[in-house]
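Notes follow the structure.
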Number of protein chains: 2
Amino acid sequence: MKSTIKDVARLANVSITTVSRVLNTPELVARDTLNEVLKVIEELQYHPNALARGLINKRTQTVAVLIPDLSNLFFTELVRGIEDKANESGYNVIICNTHNSKDRMIAYLRVLNEKQVDGIIFTSEPIYPDYYDIFRALPMPVVLAATHSLEYDLPSVKVNDEKAGFDAAEYLIRLGHRNIGMLGGSVVDQVTALPRLQGFMRALRTHGVDFDLERCVVHGGYRFEHGYSGMKSLVNKFPTLTAVFASSDERAMGAITYLHEQSVRIPEEISVIGFDNTRLAEMCYPKLTTVAQPLHSIGYEAATKLEQLLNNGSVEEMRTYVPHQIIERESTARVT
Amino acid sequence: MKSTIKDVARLANVSITTVSRVLNTPELVARDTLNEVLKVIEELQYHPNALARGLINKRTQTVAVLIPDLSNLFFTELVRGIEDKANESGYNVIICNTHNSKDRMIAYLRVLNEKQVDGIIFTSEPIYPDYYDIFRALPMPVVLAATHSLEYDLPSVKVNDEKAGFDAAEYLIRLGHRNIGMLGGSVVDQVTALPRLQGFMRALRTHGVDFDLERCVVHGGYRFEHGYSGMKSLVNKFPTLTAVFASSDERAMGAITYLHEQSVRIPEEISVIGFDNTRLAEMCYPKLTTVAQPLHSIGYEAATKLEQLLNNGSVEEMRTYVPHQIIERESTARVT
DNA sequence: AATATAAATGAAAAGCTTTTCATAAAAATA
DNA sequence: TATTTTTATGAAAAGCTTTTCATTTATATT
């Protein structure tokens, strides 16, 4: 039978108040009493009921992370940063996998609300107006990780995607490439996909490189399959290309696989640069040059912000931008 | 301000009992009252407090999954099966990432206990005696997914690893291979790694294939890096090998990458068969032939078992074995 | 019309904790 | 020694729900 604070109190011949104090403010209880109570707690294997605790404290010491796709290493590494910070500060984290489904996400938000989690970290995905309405209605703070919102005042931490897109393209240009394609996301995603494309285009423009949006860019999902099929249609439209910027590592991997199948040598014939620097980048052949997002930091910082919000009610910096960095590996080379 | 059942009761001019009934047994309340109360609930955006509910119902409608490594696609797909079943039956699932750390896992078990989750699904990893002691002390049921325990009576669902190892080896033998290596896990893992190795050896023996444990097998972690370095040492020890059984897809991918770097053609010179059939198997070049575990079913079945335990206190079948299957792709070929 | 039955509602207890306020005992101060 | 302060403890309330039991009202039965 599960034991309660009452059982401990009875066996230790003290009131439940004292037992509670042993757990929460041991400095207020006499040495002997303390030891006796601790002994009984141990003996009874007593664990305080977090439901009752939460009910009265109005704090559950729990934060939730909403992620759209658990099988994306991107989120995996982000979550790690969140967990690390949360655990340091005594919070538990609940991971909620929304499977890219709005319904699931709304359902999750409801139960998280009912379960009285202290705060929520929302990852990736742009914030649509109806999401914001839901967030507003929530009694707990929300922080965005690897996404942000320009219209709404939600704290966020992410990289500067426009600049990252620019740097990726410039990197290829510096290697002498002039026929550069891009495998990007859907431009309805104005927070990630669009800025990367814009940065990419700005770099080409800046360096006077010819560019035709129709011919040079393929839009699609971030997944391997999309990279594969995207690369296929890209080489068809743009057979002279010598380099491609795939704006996720998974897409890059799909692209590489397609090129392998076509016996195109990488990087000798076509250079490929990815985005994210997930574990996948090292699992490629050749190893993937990529724009690294500091995924762990993004998670860690987001959790930090959430904690600030929880403790102070406000956040030092509303929108934090963390630096990206190009990691040079073996999938890119100087044009010959 | 968050509203409670009292607020609803006051505004609707009914007792809290009636409000509670509207939520739980609406058939017991008069039409007009029902509508009025529902209206107020909507108006006030009232959501019942799950803590209070759990406290009185002694059920939180929550199950937890303990996984050792979130960045392993294996678990990702397993979790999906669990989520699907759990959601169907009205349970929420909490994903707990133990990072392969025993301390973290024990810490998680403590908080899950305190948080009064209804049940726990423990994935992979063998069950060590001290784990079992902890499980026993837990007031909620535990089910094992993709692992099992022969000593302890914990319900489990997994594939038959010995048979799977046998089939993998036999598949290679049928393709004419006689110089077959294996990239396996540590044999201290008696629940997964050892049986696969045993099955592998049994197949060689059965078919009269020469075999030297020292020379033909490399043990190591399941990760890409381990596959990479494992393959390296394997070809050094065993230069005549024409096929390798890597007992995880990630390991297989590491092996393939190493072979690529050495300009060894796959499958022409060396055939590679993996294990798990995670998404990674399709992200390889060449696409990976592998022993598929029905990851989704394993998760789904494990959740089903947990639910049986929760509802009936017992389980139909203690240890369920689900079928594996060899998925033939492009990384294996008949020996020439 | 009188009685029995069914339907609708509410008051209060229970679930497990923390916290406030009060009290008793011990220690410090005058 | 008498008084104040400090230390240690407990009783009871509060947090939000569900459930039991009782009561009132409406409906069905004779």
Side-chain angles (χ1 to χ4, degrees), chain A residues 1-38 40-41 44-62 90 110-111 113-118 139-140, chain B residues 1-38 40-41 44-62 90 110-111 113-118 139-140:
Chain A
M1 201 43 228
K2 227 186 310 192
S3 47
T4 73
I5 199 171
K6 273 189 200 168
D7 303 323
V8 177
R10 192 172 330 113
L11 241 85
N13 274 314
V14 295
S15 71
I16 59 171
T17 313
T18 299
V19 179
S20 176
R21 270 194 277 257
V22 167
L23 264 47
N24 300 293
T25 48
E27 65 279 12
L28 293 186
V29 7
R31 272 269 228 141
D32 292 355
T33 322
L34 186 77
N35 289 330
E36 174 61 16
V37 172
L38 285 174
V40 175
I41 286 177
L44 251 43
Q45 289 261 52
Y46 166 70
H47 293 278
N49 184 323
L51 300 179
R53 273 191 153 170
L55 192 55
I56 194 159
N57 290 336
K58 293 165 169 311
R59 276 290 185 96
T60 53
Q61 299 296 93
T62 306
R110 214 204 55 238
V111 327
N113 187 358
E114 294 184 357
K115 280 197 198 301
Q116 319 290 123
V117 303
D118 295 336
M140 66 278 282
Chain B
M1 203 40 229
K2 229 188 307 194
S3 46
T4 74
I5 200 171
K6 273 191 198 165
D7 302 322
V8 176
R10 194 173 327 116
L11 240 84
N13 273 313
V14 294
S15 72
I16 59 170
T17 314
T18 301
V19 180
S20 176
R21 270 194 277 258
V22 168
L23 263 48
N24 299 294
T25 49
E27 65 279 10
L28 292 186
V29 9
R31 272 268 229 138
D32 293 354
T33 322
L34 186 76
N35 289 331
E36 174 62 15
V37 172
L38 285 174
V40 175
I41 284 176
L44 251 45
Q45 290 259 54
Y46 167 68
H47 294 278
N49 184 323
L51 300 180
R53 275 191 149 169
L55 192 54
I56 195 159
N57 290 336
K58 292 165 171 311
R59 275 291 184 96
T60 52
Q61 299 296 91
T62 306
R110 213 203 56 234
V111 327
N113 185 0
E114 294 184 356
K115 280 196 198 303
Q116 320 289 124
V117 303
D118 296 336
M140 67 279 281

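Residue numbers start from 1 in every chain, and the chains themselves are labelled A, B, ... in the order their sequence lines are given, proteins ahead of strands. Remember, predicted model here, so these are calculated numbers, not experimental data.
Annotation: side chain of A:R53 is in contact with side chain of A:N24 (closest heavy-atom distance under 4.5 Å). The side-chain heavy atoms of A:K58 and B:K2, taken from C-beta on, include no pair separated by under 4.5 Å. In this structure, B:T4 and B:N49 have side chains that are not in contact, with every pair of non-hydrogen atoms separated by 4.5 Å or more. Looking only at side-chain heavy atoms (C-beta outward), B:V8 and B:S3 stay at 4.5 Å or farther from each other. Contact annotation: the side chain of B:V37 never approaches that of B:V29 to less than 4.5 Å [non-hydrogen atoms, C-beta and beyond]. At a threshold of 4.5 Å between non-hydrogen side-chain atoms, the residues B:L55 and B:L51 do not count as touching. The side-chain heavy atoms of A:V19 and A:V40, taken from C-beta on, include no pair separated by under 4.5 Å.
One atom, CG of B:N49, and another, P of C:dT17, lie 16 Å apart when rounded to the nearest Å. Atom NE2 of B:H47 is separated from atom C1' of D:dC16 by 15 Å (rounded to the nearest Å). The distance between atom CD1 of B:I5 and atom P of C:dT9, rounded to the nearest whole Å, is 15 Å. Per the geometry, NZ belonging to B:K6 stands 13 Å off P belonging to C:dA12, to the nearest Å. Atom CG of A:N113 and atom P of D:dC16 are 14 Å apart (whole Å). With rounding to whole Å, A:E27 atom CD is found 15 Å from D:dT6 atom C1'. Between B:Q116 atom CD and C:dG15 atom C1' the separation is 11 Å, expressed in whole Å.
Across every non-hydrogen atom of A:A9 and A:S15, the tightest pair is CB-C, 3.8 Å. Taking every heavy atom of both residues into account, B:S20 and B:I5 meet most closely at N-CD1, 3.8 Å.
Every residue two or more places apart in sequence or in another chain that forms a salt bridge (Lys or Arg N to Asp or Glu O under 4.0 Å) with A:D7 is listed here: A:R10. Taking A:R110 as the reference, A:E114 meet the salt bridge (Lys or Arg N to Asp or Glu O under 4.0 Å) condition, with sequence neighbours excluded.
Of all the residues in residues 28-38 of chain A, A:V29, A:A30, A:T33 reach under 4.0 Å from DNA chain D with at least one non-hydrogen atom. Near DNA chain C, meaning a heavy atom under 4.0 Å away, the residues from residues 11-24 of chain A are A:I16, A:T17, A:S20, A:N24. Residues from residues 50-59 of chain B with heavy atoms under 4.0 angstrom of DNA chain D, sorted by number: B:A52, B:R53, B:I56, B:N57.
Residues B:K115 and A:T62 bring a donor and an acceptor atom of their side chains to less than 3.5 Å of each other.
Comparing the local axis fitted to the first five base pairs of the helix from C:dA1-D:dT30 to C:dA30-D:dT1 with the one fitted to its last five gives a bend of 40°, rounded to 10°.
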List the steps and the verdict of side chain to side chain contact (heavy atoms under 4.5 Å, CB included) for A:L11 and A:Y46. CA-CA 12 Å; A:L11 241 85; A:Y46 166 70; over 6 Å; no

